[in-house]
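First up is the structure itself, then whatever we jot down about it.
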Amino acid sequence: MIGVFDSGIGGLSILQALRAELPQQDFVYIADSGHAPYGERDDAHVIARSRALTQHLRAAHRIEALVIACNTATAAAIHLLRAEHPDLPIVGVEPALKPALALSRTRRIGVMATRGTLSSAKFGALLGTLAGQAEFVCQPCDGLADAIEHSAGAGDEITDATDLIAHCARHTRAMGAFGVNSGEIDTLVLGCTHYPFVQAPLRELLGPRVRFVATGEPVARQTRRLLQAARKLAPGQSAADTGRILLRTTGKPAALQAAARRWLQLQATAELLFI
Ligand code: DGL
């Protein structure tokens, strides 16, 4: 069983890639929606929540590996969790600056992430390693993850797409011109796991030629490598076997179920957690 957590439903974008890479594994996903958003809260809150969720995943599900499917929690807490759980393989996510650099022709790269991620020492260090190779236009997207969280509703439709479009428009406008000509941003890093779920409005706003870079697939590959190295890959009887997916939330179970159904075509019942 692999544990996965995020501040809310955003980490489902990582779970989607994990399922594709490791279809025979069992996963337990926690959306900490009752304590979201993380991105505009202080580190102490994010660290306390990350610790509580990790302890719960270990005690209740005996997880063999942990994926922190949240850029903000990775930046604030992964070093602490690794020190506190040395026997547990832990994978985190960070904005995909290096893959974006490999794709960009104009060398002007947009980075959408939470305020917490962008102001973290971890992100500063990552940016520092790439200094001089491109211009990174970093936009703290206040309110966007929260709007995505609330758009989930309980039904199959997004409840307020207008609000989401307005958030996307405000943040992309603040970053300047997008396009493939010199001086324009031709590559956009989706540096928060909630943002792949607004790719459609972003595509509408920015046109067909701007590339979007998310982190699901590299994180899933890294998880496979870690499990292999730790000899913890589930054997799986045949290639057709599929693992179980357990959904847990500290917010509204109906909202997590609806998001999993809409985005992952996953029919699973979400249970409410009090932690
Ligand atoms: N999904 C989270 C991330 O990747 C954060 C969203 C939030 O709670 O602010 O950063």
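Residue indices begin at 1 and follow the sequence shown.
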Any non-hydrogen side-chain atom of [X] less than 4.5 Å from a side-chain atom of [Y]?
{"X": "L227", "Y": "L22", "value": "yes"}
{"X": "I2", "Y": "V67", "value": "yes"}
{"X": "V189", "Y": "M112", "value": "no"}
{"X": "I9", "Y": "L256", "value": "yes"}
{"X": "Q16", "Y": "L266", "value": "no"}

For [X], give me all partners under side chain to side chain donor-acceptor pair (under 3.5 Å), at least two apart in sequence or on another chain.
{"X": "R173", "value": "none"}
{"X": "D43", "value": "none"}
{"X": "E271", "value": "none"}

Cut-off 3.5 Å, no hydrogens considered: what does the side-chain donor-acceptor table look like for residues 88-105, sequence neighbours left out?
| from | atom 1 | to | atom 2 | distance (Å) |
| --- | --- | --- | --- | --- |
| E94 | OE1 | K122 | NZ | 3.2 |
| S104 | OG | R107 | N | 2.9 |
| S104 | OG | D186 | OD1 | 2.8 |

request  = Would you sort out whether L246 and F27 count as a side-chain contact (heavy atoms from CB on, under 4.5 Å), showing the intermediate values?
outcome  = CA-CA 6 Å; L246 306 180; F27 292 96; over 6 Å; no
When C168, C192, P37 are each screened for side chain to side chain contact (heavy atoms under 4.5 Å, CB included) with L144, the one that passes is C168
Only one of D146, D142, T72, N71 passes side chain to side chain donor-acceptor pair (under 3.5 Å) with T114, and that residue is T72
Would a hydrophobic clustering, with Ile, Leu, Val, Met, Phe, Trp and Tyr connected at side-chain separations under 4.5 Å, put [X] with [Y]?
{"X": "L81", "Y": "Y38", "value": "yes"}
{"X": "V46", "Y": "I30", "value": "yes"}
{"X": "V28", "Y": "L247", "value": "no"}
{"X": "V219", "Y": "L190", "value": "yes"}

Between [X] and [Y], which heavy-atom pair has the shortest distance, and what is it?
{"X": "D6", "Y": "A69", "result": "OD1-O, 3.4 Å"}
{"X": "I109", "Y": "A134", "result": "CD1-CB, 4.0 Å"}
{"X": "Y195", "Y": "C141", "result": "OH-CB, 3.3 Å"}
{"X": "F178", "Y": "T172", "result": "CE1-O, 3.5 Å"}
{"X": "S151", "Y": "I148", "result": "OG-O, 2.7 Å"}
{"X": "V4", "Y": "L18", "result": "CG2-CD1, 3.8 Å"}

If you round to the nearest 0.5 Å, how far is [atom2] of [Y] from [atom1] of [X]?
{"X": "I63", "Y": "L57", "atom1": "CD1", "atom2": "CG", "value": "4.5 Å"}
{"X": "S120", "Y": "L127", "atom1": "OG", "atom2": "CG", "value": "10.0 Å"}
{"X": "C70", "Y": "R49", "atom1": "SG", "atom2": "CZ", "value": "12.5 Å"}
{"X": "S50", "Y": "I68", "atom1": "OG", "atom2": "CD1", "value": "6.5 Å"}
{"X": "K232", "Y": "E64", "atom1": "NZ", "atom2": "CD", "value": "6.0 Å"}
{"X": "R41", "Y": "S7", "atom1": "CZ", "atom2": "OG", "value": "10.5 Å"}

Residues 245-257 vs side-chain hydrogen bond (donor to acceptor under 3.5 Å, both in side chains), sequence neighbours excluded, gives D32-T250
Please tell me whether E21 and T223 have a donor and an acceptor in their side chains that are separated by less than 3.5 angstrom. no
**Asked** Does a side chain donor of either Q228 or R225 reach within less than 3.5 Å of an acceptor in the other side chain?
**Response** no
So the salt bridge (charged side-chain N to carboxylate O under 4.0 Å, His left out) pairs with at least one residue in residues 128-140 (sequence neighbours excluded) are R108-E135
Look only at the side chain of [X] and the backbone of [Y], and say whether a donor-acceptor pair between them is shorter than 3.5 Å.
{"X": "T242", "Y": "Q24", "answer": "no"}
{"X": "T193", "Y": "S13", "answer": "no"}
{"X": "Y29", "Y": "L12", "answer": "yes"}
{"X": "E184", "Y": "V180", "answer": "yes"}

With sequence neighbours left out, the residues meeting ring-ring contact (aromatic ring centres under 6.0 Å, His included) with H167 are none
Ring pair (Phe, Tyr, Trp, His ring centres under 6.0 Å) pairs touching residues 57-79, sequence neighbours excluded, are H56-H61
Quick note, ring pair (Phe, Tyr, Trp, His ring centres under 6.0 Å) partners involving residues 85-137, not counting sequence neighbours, are none
Handout entry: Intermediate values then yes/no, side-chain contact (heavy atoms from CB on, under 4.5 Å), V111 and L118
Key = CA-CA 9 Å; V111 185; L118 295 179; 4.3 Å; yes
Could you tabulate the donor-acceptor pairs under 3.5 Å formed by side-chain atoms of residues 197-217, not counting sequence neighbours?
| from | atom 1 | to | atom 2 | distance (Å) |
| --- | --- | --- | --- | --- |
| R203 | NH1 | G207 | O | 2.9 |
| R203 | NH1 | V210 | O | 2.7 |
| R203 | NH2 | V210 | O | 3.2 |

Joining Ile, Leu, Val, Met, Phe, Trp and Tyr whenever any side-chain heavy atoms lie under 4.5 Å apart, the cluster holding I47 also takes in L80
For L272, the other hydrophobic cluster members (4.5 Å side-chain criterion, sorted by chain and number) are F274
Check the pair R58 / Q55 against side chain to side chain donor-acceptor pair (under 3.5 Å), numbers first and verdict last. CA-CA 5 Å; R58 294 208 81 173; Q55 271 154 17; over 6 Å; no
Going through the distances and angles, do M1 and R62 end up as a side-chain contact (heavy atoms from CB on, under 4.5 Å)?
CA-CA 7 Å; M1 177 77 78; R62 308 203 167 281; over 6 Å; no
